[in-house]
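Starting from 1, each residue takes its place in the sequence as its number.
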Amino acid sequence: MTILVTGATGGYGSAALEELKTLVPQDEIFALARSEEKAATLREKGFQVRIASYDDSESLEQAFIGVDRLLFVSGSEVGSRKPQHQHIIDAAKKTGVSYIAYTSFNKADISTSPLAAEHAYTEAAIIESGISHTFLRNNWYLENDLPLIQTALKTGKFVHAGGEGKAGWTLRSELAKLGARAVSGKFDFPAVLEVGNPLMTYQQLAAAVASATGTELEVVDADVATASQFLQDNAGMPQKVADMVAGSQSIVKSGSLAVEPSDIEKYLGRPFLTVPESLQQLLVEQ
């Protein structure tokens, strides 16, 4: 059996590779990178590397030769993912890949979130390909709100634009461990998993941050412009980046991430780290 992980130099992909080598022999694992330069660190860690871009069908077909199972990490270029993902699915079908674990979005097939459309397209394309699959419909990375958390600890003010929306904040590395188990072939996974921690609001997230750090925080429910300006003024963040961070909180506010998770313990072998546990780990790493 051979397994290939796409997006292998990113945070999710690299964490999945580390978990995978605890589950299967490392000589059965391949990592996909866009260039030899990006592949260097992976090679140093003993992984076999294939070079290809999501934009290049021919390179993907070459990269997938001999691959049985694919951990398909969704692309990062929002707006370009439909053609990129189609290239991956087409290459997988042409080369005889037997299974795909795909990192998707909660309730992608029915969600009205603008983030869901490309994932819905990809899920449909995988189904049409006839390849056996698991859609790992991941909720919100806790890392997405790290700038908010760090700025809150610096200023004593937790200024967010998430309203009363709820999300299932989870560490990226935890989500990657689940993905590694899915693609390993060692465990039975369903066709669809709604993935994340139990739901909470930004108010509850702030309380978890305060508890984990012993810091008293004033919680301010703001609009996107105000939350962005706060990051610019107190974290020295460029406006474009601050707008993106604050704007992402409005996705939580919309309710599109208020999806109760599947029984994660059944598939991971344990629950995900809780938000307080995850915060302790995340903040120590910074």
Spell out, as yes or no, whether a donor-acceptor pair under 3.5 Å connects the side chain of H87 to the backbone of Y54.
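Yes: the side chain of H87 pairs with the backbone of Y54.
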
Neighbour count >12 (heavy atoms, 6.0 Å) for atom CD, Q280
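Enclosed.
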
For K93, does the NZ atom have more than 12 heavy-atom neighbours from other residues, nucleotides or ligands under 6.0 Å away?
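No - once you tally the heavy atoms of other residues, nucleotides and ligands closer than 6.0 Å, there are 12 at most.
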
Using 4.0 Å as the upper bound for N to carboxylate O, is an ion pair formed by [Y] and [X]?
{"X": "R43", "Y": "E36", "answer": "yes"}
{"X": "D109", "Y": "R137", "answer": "yes"}
{"X": "R270", "Y": "E265", "answer": "no"}
{"X": "E118", "Y": "K82", "answer": "no"}

Flag this pair as yes if the NZ/CZ of R50 is under 6.0 angstrom from the six-membered ring centre of F30 and inside a 45 degree cone about the axis; otherwise no.
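Because its charged atom sits under 6.0 Å from the ring centre and within 45° of the axis, R50 does stack over F30.
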
Distance under 6.0 Å and angle within 45° of ring axis: R69 vs Y99:
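Yes - R69 lies over the ring of Y99, closer than 6.0 Å to its centre and within 45° of its axis.
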
Spatial distance of atom CG (L70) from atom CG (L32) [nearest 0.5 Å]
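One finds 8.5 Å between CG of L70 and CG of L32.
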
Can the ring centres of [X] and [Y] be said to be less than 6.0 Å apart?
{"X": "F135", "Y": "H133", "value": "yes"}
{"X": "W169", "Y": "F272", "value": "no"}
{"X": "Y267", "Y": "F187", "value": "no"}

Yes or no on ring pair (Phe, Tyr, Trp, His ring centres under 6.0 Å) for F72 and H85, after CA distance, side-chain angles and deciding distance?
CA-CA 9 Å; F72 176 5; H85 289 185; 4.9 Å; yes

Output all residues satisfying salt bridge (Lys or Arg N to Asp or Glu O under 4.0 Å) with E143, sequence neighbours left out; order by chain, then residue number.
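Counting only residues at least two positions away or on another chain, E143 forms no salt bridge (Lys or Arg N to Asp or Glu O under 4.0 Å).
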
Can you name the residues that form a salt bridge (Lys or Arg N to Asp or Glu O under 4.0 Å) with K177, not counting sequence neighbours?
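If we apply the salt bridge (Lys or Arg N to Asp or Glu O under 4.0 Å) test to K177, skipping adjacent residues, the hits are E174.
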
